[in-house]
Every structure is written in structure tokens, then in C-alpha cells.
Amino acid sequence: MNSANEIWVKIVALMEKEVTATTIGTWFDDAVAVALEENRFVLYTPSEFKKEIIEGRYIPVMKKALYELFSADFDVLVLGEGEMDQYQNPADKSGRFLPGTEEYTFERFVVGNSNKFAHATAVAVAENPGQSYNPLFIYGESGLGKTHLLYAIARTIHKNHPDYRIIYIRGDAFTNELIHAIREGRNQEFRDKYRSADVFLMDDVQFIAGRDSTQEEMFHTFNALYEERKQIVFTSDRPPKEMLRLEDRLKTRFEWGLLADILPPDYETRMAIIKNKAIRMGVELPEEVLTYVAENITANVRQIEGTVNKILAYRDLLGNSVDSGTVTRAVRDMFKDPTDILPSADVIIDEVCKFYSIEDDALRGQGRTKDTAQARQIAMYLIRNMTSLSLKEIGREFENRDHSTVLHSIERIEKMKKQRPDIAEVLKDIKTNINARYE
């Protein structure tokens with residue numbers, strides 16, 4: 001799960017088991033996922049009234065959904081009207097810097113062979129912002145510590161330069177904020193906010209790829225900051241050259257400075273992370289427990305920490321001793337078997353509509369614009385490949401189109417996938433979003 005939006009889709013799906021679709025449509029229709037922090041999920045709603053209702057009635061339901069997803073306890077922060085800027089900007093009313101990120105320091109970042117280069121470059125940038133490695137581009141799979149380094153950079157710069165204006169934002173949040181600014185006629189206010197930063201930090205920049213207006217805004221924001229020698233740092237799940245839907249002019253600029261990758265932690269680093277996490281929680285785990293977790297949880301730091309949290313939860317809440325049975329159960333929970341349920345045609349069509357910002361009726365109907373026609377063909381292709389529906393049954397989903405029309409669409413996308421890497425990337429991204437609903 002890479003994006004807050006993907007996690008929000010999962011939360012809503014789990015909430016539907018507890019509350020009605022009408023309830024979700026009434027109170028969460030314009031809610032926007034902002035971020036998933038270490039131990040907190042952040043949601044934004046533009047209505048102060050809805051915020052009060054959500055906080056008063058639905059926080060426990062959301063917490064339950066988050067626990068089902070991560071096997072760990074998460075808090076929920078709901079931002080209301082006027083609070084988004086306060087959240088994204090350096091200090092709150094009490095003067096705290098980036099509240100909720102106090103644990104993310106360089107001292108608490110466990111350094112190993114897999115991440116020492118990224119760590120070293122982040123420290124160098126934090127100590128001399130705008131002087132070298134600008135922009136710094138850190139990339140690697142989800143859960144390896146990229147966000148930790150971003151926060152550590154921000155906190156170090158703030159400590160050394162308290163007058164600096166430091167902005168941290170995620171790629172999808174940047175897009176959502178731009179959309180709201182355009183709708184409300186606040187384009188200049190949006191530009192002034194980001195182009196006046198002394199330090200600009202963007203997490204998961206890959207989410208701006210393929211978004212024309214967002215990329216245009218990023219291009220000019222980058223130029224303005226770079227020319228003023230302001231520090232820019234990006235994180236992503238892939239290097240710029242692999243962002244096939246990212247404009248070439250942005251790829252070039254992202255590569256102007258320094259690229260630093262983070263790989264999954266090796267065994268020694270995993271052991272150090274587990275010990276570090278346990279010590280911070282005031283416990284000492286037996287050596288066999290440390291070894292078992294380090295040998296079995298290898299993908300990322302988040303999984304490792306989630307497993308430790310689970311072990312300690314069994315101990316504290318159920319009174320279980322930390323033995324091999326408890327540890328085995330916690331590890332098993334991190335690797336639940338994937339569901340055998342095939343996605344429905346409705347789910348696939350819904351994700352294609354979201355990806356292309358097209359209404360459901362337009363996709364299923366007779367619209368013939370270039371984007372709509374291609375999106376429809378992609379939906380047919382994905383339904384054919386991800387479900388057991390026949391060509392005739394697929395045609396019924398699109399106003400009873402003939403099976404030969406469906407077959408032509410599928411063959412066209414199959415051909416395009418081989419000839420155009422960008423189409424292959426689109427298919428991959430949409431399939432990831434579809435599968436995320438069932439994980």
C-alpha cells in the first residue's frame with residue numbers, strides 16, 4: 001500500500017461492514033486521505049460540521065479498520081476547514097514543529113548496508129540545505145524509511161534554521177490541493193504558498209505522473225525554488241526514468257541533483273531494527289524471538305515494526321507470554337493468504353473511472369472522446385483478464401455491446417501494451433489499485 005488514497009479505499013470497504021452505504025455517502029463523500037504516518041491516519045473534510053460528526057461517531061470504526069489492515073493500533077486525525085495548511089506547514093499554535101513526527105530523527109534511523117548512502121545524503125542536505133545535492137531524490141519500495149528521512153531532514157533544518165519556511169506534502173495531496181485551488185479560484189494563492197518555501201519536501205512524488213495540471217504546476221514550482229537555491233527533496237517508489245507517464249522535462253530536473261536508493265534491509269539491519277523498536281517500547285525480547293522475526297519478515301521496516309507491535313499487543317492485551325507460539329502467530333498474521341475472490345466488473349470499472357477522472361455512465365456508454373474510448377477498452381481488457389466473465393457478459397456491462405466489439409478492444413490493448421510502455425504502466429497502476437481493495 002503506497003498511497004493514503006489506496007489505504008482510504010480499503011478503510012471505506014471495511015467500514016461498509018459496520019455502517020450503511022448511505023452513512024458513508026453522507027459523511028465521507030468529500031473526505032480526502034492526507035497521509036498515513038507512523039501511528040496515525042490523517043483525513044481531511046472541508047465541512048466543519050462533518051468533521052464533528054466523524055470525530056463523534058466514526059473514529060472507532062476507522063480505528064478498527066486500520067487495525068484489520070495493519071495488525072497494529074492507529075490513531076485518526078480529522079482535519080477540518082482551514083486546518084490543512086496548518087497541518088502541512090511547520091508549526092502548530094503551540095509552536096511544535098511538524099507535530100506527530102517527533103520520533104523521526106536521524107538518531108532513530110537504523111543504518112545498514114541497504115540504506116547508508118541515502119542516510120548519508122539526507123544528513124548532508126539537512127546540514128547544508130540548498131548547497132549540495134539539490135534536488136535530492138530518494139527512491140525505494142514502500143516501508144523502507146523514505147518518509148523517516150524526509151522528516152529527519154525537516155527537523156534538523158528547523159533546529160538549525162528556525163526561521164526557514166519548510167513545506168512537507170505528499171504527491172497525491174499536492175494534486176488534491178491544486179484541484180481545490182482551481183475550483184475555488186485560488187491558483188495564485190496556491191503558487192505563492194509553494195514557491196515561497198525555503199525547503200520543499202515531497203513524499204511519493206510518483207503520484208503526480210500523468211496529471212497534466214499537476215505536472216505543469218510542479219515544473220514551475222521546481223524552477224522557482226531551484227533558481228533561488230532552495231532545498232528540494234523528493235521520495236518515490238521508483239527512479240525518475242521509470243516514471244513512464246512523467247513529463248521528460250520533470251524527469252530531467254529530478255535527476256539534476258543526486259539519486260539515492262534504499263533497498264530492503266539485510267539480516268543484520270533487521271535485527272538492529274527489531275532490537276531498537278523493542279527497546280523504545282521498554283521491553284527486551286529473547287534472542288530466539290529476535291532471530292525468528294528477522295529471518296521471516298524481510299520485505300520492509302514497516303512490516304518488521306508491525307510484527308513487533310503485534311507480539312507486544314498479544315502480551316499486553318491477552319496476557320500471553322512472548323514465546324515461539326506468540327511470535328509465530330504474529331508473523332503469520334503479517335502474511336495472510338490472499339483472497340480467492342475475483343474482482344467484480346463494477347470494481348474494475350470504478351477504478352478505471354477514478355484513474356481517468358471519467359464518470360461511470362460515460363465509460364459504460366457511447367462517449368467517443370479519445371480518453372473515454374481508451375479507458376473503456378482498458379476496462380474491457382482488465383475485466384477479461386481479472387474475472388471469469390465471457391465476452392458476451394463483458395459486453396452487457398457496456399450497454400450490451402457486441403462480443404466482437406469487446407474482443408477488438410481487448411486485442412487492441414494487448415497490442416498497445418507491447419508497443420507502448422506507458423500503457424503497460426497504466427495497466428499495472430490500475431491493477432494495483434484494484435487488488436488493493438481485496439488485500
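Because the structure is a prediction, the values reported are computed rather than measured.
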Looking just at side-chain N and O atoms, do Arg191 and Thr221 make a donor-acceptor pair shorter than 3.5 Å? no
Can you check whether [X] and [Y] have ring centres sitting under 6.0 Å from each other?
X: Phe28; Y: Trp8; result: yes
X: Tyr164; Y: His158; result: no
X: Phe41; Y: Phe70; result: no

So does [X] pair up with [Y], basic N to acidic O under 4.0 Å?
X: Arg245; Y: Asp429; answer: yes
X: Glu228; Y: Lys230; answer: no
X: Glu425; Y: Arg238; answer: yes
X: Lys354; Y: Asp350; answer: yes
X: Arg165; Y: Asp198; answer: no
X: Glu217; Y: Arg195; answer: yes

Within a reach of under 6.0 Å around CD of Glu359, are more than 12 heavy atoms found that belong to other residues, nucleotides or ligands? no
Take atom OH in Tyr58; do more than 12 heavy atoms of anything else shown fall under 6.0 Å from it? yes
Using the rule given for side-chain contact (heavy atoms from CB on, under 4.5 Å), can you reason through Lys50 versus Asp30, listing the C-alpha separation, both sets of side-chain angles and the distance that settles it, and then say yes or no? CA-CA 10 Å; Lys50 288 184 179 180; Asp30 52 5; 3.5 Å; yes
Nearest 0.5 Å please: distance from the NZ atom of Lys193 over to the CD atom of Gln188. 14.5 Å
CH2 (Trp27) and OG1 (Thr23) are apart, to the nearest 0.5 Å, by 9.0 Å
Parallel, tilted or perpendicular for Phe234 and Phe222, by the 30°/60° rule? parallel
Between Tyr151 and Phe106, is a ring pair (Phe, Tyr, Trp, His ring centres under 6.0 Å) present by the stated rule, with each step listed? CA-CA 9 Å; Tyr151 284 141; Phe106 286 123; over 10 Å; no
Residues in side chain to side chain donor-acceptor pair (under 3.5 Å) with Glu216, at least two apart? His220, Arg249
Any residue meeting side chain to side chain donor-acceptor pair (under 3.5 Å) with Arg211, in chain and number order, not counting sequence neighbours: none
